[in-house]
Amino acid sequence: MIGTASPDVEPGPIGDAFRSVPFRPDTVIDGWSSDAMTVLGASLRGHFHRYNGAPRQDDFAIHLMPDGRIIAVVADGVSAATQSHLGSSAVVNYAAQWLLSQAPSDSEETDWEALVKSTAWALTERAQVLFKTPDPDPGLAEKELATTLTCAVVEAVAPDAYRAFVIGVGDSGAWLLHDGQFHAVLDGKTVGEGGISSSAVSGLPRVPAQVEPSVVEFGHGDVLLLGTDGIGDPLGEGQGGVGNLFRELLGGSTPPSLIEFAHAVDFSRETFDDDRTLVAISPRFRPSE
C-alpha cells in the first residue's frame, strides 16, 4: 500500500466479451542473470480489470542474445481496442524475434524504422487471421488490436560500462535510476499546459514519421527501467511514494527476488488501477566488487 490504497479487489475470471483463447494469465513474472546483467520483469492485471473481468492488456518479453546483448520489449494494449491484449502479445513476440534475427552485431546500425514498420504489419496480419478477413486491414487492426511498443537492446561496451538503445511508440516509458533519481529516457505521455497528461494514445499499427533511438549509458548501481503507463503515471518524476518504493527495492547492493519484484509492481495506490508492467535491467552485482 502507498498512501491511500485502492479498494481491495479479488481477481475475477476473464469476461465473455473477450476471447478465452489464447489463455491470458492475470500475472506474468520472468527474470534471470547473465554473465553481465540481471533482468527482472513483471506484468500484472490492474485492479480495475480484475474487478470488471477484462484481461491484462500489457505484455513483455526479455531475451538474451547469443552475443550477450539483452533484448527487452514492453507493450500496452490501447484500452479503446477491444482485443488489444492480443495485439500487445503479438507485437511483443514479433519485435523480440525480429531483433534476435535481424539486429546487426553493431547495435548502432539497427534499422529501427524497419523494426517498427515490420511489427506494425505483423499486427495487421494478426488481425486478418483473428477476424478472418480476405485482406489485411490496418483500420481493423487499429480498432481491435492497437498497442504501444517499447524496445531496448542493452550491451556491455567496457568492463564497467553499459549502453542501451531504446525506442518507443505510444505512451509507455523508460527511465534510468541513477544516484536515487529517475531520469526519463523516453518521453512517455505528453504533458500539456497546467501539467495535465494527455490520454490520447497513438500506437501500432500507426507508425511514427520518424523512429530514432534514445541512447543511454550507465554503470554499476544504475537500473534501466521499461514500463507501461500503469507504472509511469503513479511514478511521475519519482519523488512520491511509488518512486520511494522502487528506489528502495532496486537501490541496494543485491537485486530483489522475482517474487519481491512482482509484489512491488502490484502496489496499491488510490486512483491508479491500470495494468502494470515493469522490466528492470541492471549490471550484475559481484561480491568481489
Side-chain angles (χ1 to χ4, degrees), residues 1-2 4-30 41-61 73-95 119 123-124 126-127 129-132 139-150 169-173 188-189 197-206 226-235 242 262-279:
M1 182 181 72
I2 299 174
T4 303
S6 300
D8 191 20
V9 175
E10 182 178 7
I14 303 301
D16 293 338
F18 305 94
R19 293 170 180 258
S20 58
V21 177
F23 173 69
R24 192 70 171 175
D26 175 275
T27 300
V28 175
I29 307 171
D30 194 13
S43 182
L44 302 99
R45 192 159 49 142
H47 288 186
F48 183 65
H49 285 170
R50 286 173 173 169
Y51 171 77
N52 72 0
R56 175 177 48 85
Q57 295 172 333
D58 289 1
D59 213 342
F60 77 97
V73 185
V74 170
D76 179 359
V78 175
S79 296
T82 309
Q83 306 295 332
S84 66
H85 57 294
L86 302 180
S88 65
S89 292
V91 302
V92 160
N93 290 330
Y94 183 89
T119 304
L123 185 65
T124 300
R126 178 64 171 150
V129 172
L130 284 171
F131 298 100
K132 299 179 174 59
L140 177 65
E142 182 173 30
K143 178 183 176 182
E144 297 289 345
L145 303 180
T147 178
T148 72
L149 176 69
T150 303
V169 180
D171 66 353
S172 295
K189 284 190 174 177
S197 296
S198 170
S199 60
V201 180
S202 180
L204 297 176
R206 291 183 180 266
L226 308 181
T228 59
D229 61 354
I231 293 291
D233 286 353
L235 176 64
V242 173
H263 182 64
V265 173
D266 197 26
F267 63 82
S268 179
R269 183 180 175 189
E270 189 177 34
T271 75
F272 294 104
D273 55 10
D274 197 3
D275 299 342
R276 295 94 175 268
T277 298
L278 186 65
V279 172

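All residue numbers in this chain count up from 1 along the given sequence.
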Salt bridge (charged side-chain N to carboxylate O under 4.0 Å, His left out) partners of residues 75-85, not counting sequence neighbours, each pair once: none
Side-chain H-bond candidate by donor/acceptor type, Thr277 with Arg56, under 3.5 Å: no
Check against salt bridge (Lys or Arg N to Asp or Glu O under 4.0 Å), Arg276 and Asp229: CA-CA 7 Å; Arg276 295 94 175 268; Asp229 61 354; over 6 Å; no
Thr148 side chain reached by Asp171 side chain, heavy atoms, under 4.5 Å: yes
Verdict with reasoning, Asp233 to Asp274, per side-chain contact (heavy atoms from CB on, under 4.5 Å): CA-CA 9 Å; Asp233 286 353; Asp274 197 3; 5.7 Å; no
Minimum heavy-atom distance between Gln83 and Phe131, given as atom pair plus value: CG-CZ, 4.2 Å
Atom pair CD/CG of Gln57 and Leu86 - distance to nearest 0.5 Å: 10.0 Å
CG on Asp59 to CG on Leu149, rounded to 0.5 Å: 11.5 Å
Residue pair Ser84 / Ala146: nearest heavy atoms and the distance that separates them: CB-O, 3.4 Å
Derivation and outcome, side-chain contact (heavy atoms from CB on, under 4.5 Å), residues Asp30 and Phe60: CA-CA 9 Å; Asp30 194 13; Phe60 77 97; 3.9 Å; yes
From CA spacing to verdict: side-chain contact (heavy atoms from CB on, under 4.5 Å), Thr150, Val73: CA-CA 6 Å; Thr150 303; Val73 185; over 6 Å; no
Derivation of the side-chain contact (heavy atoms from CB on, under 4.5 Å) call for Phe267 and Val242: CA-CA 8 Å; Phe267 63 82; Val242 173; 3.9 Å; yes
Separation of Leu140 CG from Leu145 CG (nearest 0.5 Å): 7.0 Å
Nearest heavy atoms of Val91 and Ala75, plus distance in Å: CG2-CB, 3.8 Å
Closest non-hydrogen atom pair, Pro55 against Ile14: CA-CD1, 3.4 Å
Distance-only side-chain donor-acceptor flag, Thr228 / Ser172, under 3.5 Å: no
Atom of Gly87, atom of Leu123 and distance for their closest heavy-atom approach: CA-CD1, 3.6 Å
Gap between atom CD1 of Ile29 and atom NE2 of His263 - 0.5 Å precision: 11.5 Å
Side-chain touch Leu226/Leu278, heavy atoms, less than 4.5 angstrom: no
Sequence neighbours excluded - salt bridge (charged side-chain N to carboxylate O under 4.0 Å, His left out) pairs with any residue from residues 42-51: Asp26-Arg45, Asp26-Arg50, Arg50-Asp266
Nearest-0.5 Å distance, NE2 of residue His49 to NE2 of residue His85: 10.5 Å
Heavy-atom pair of closest approach, residues Ala61 and Val92: CB-CG1, 3.3 Å
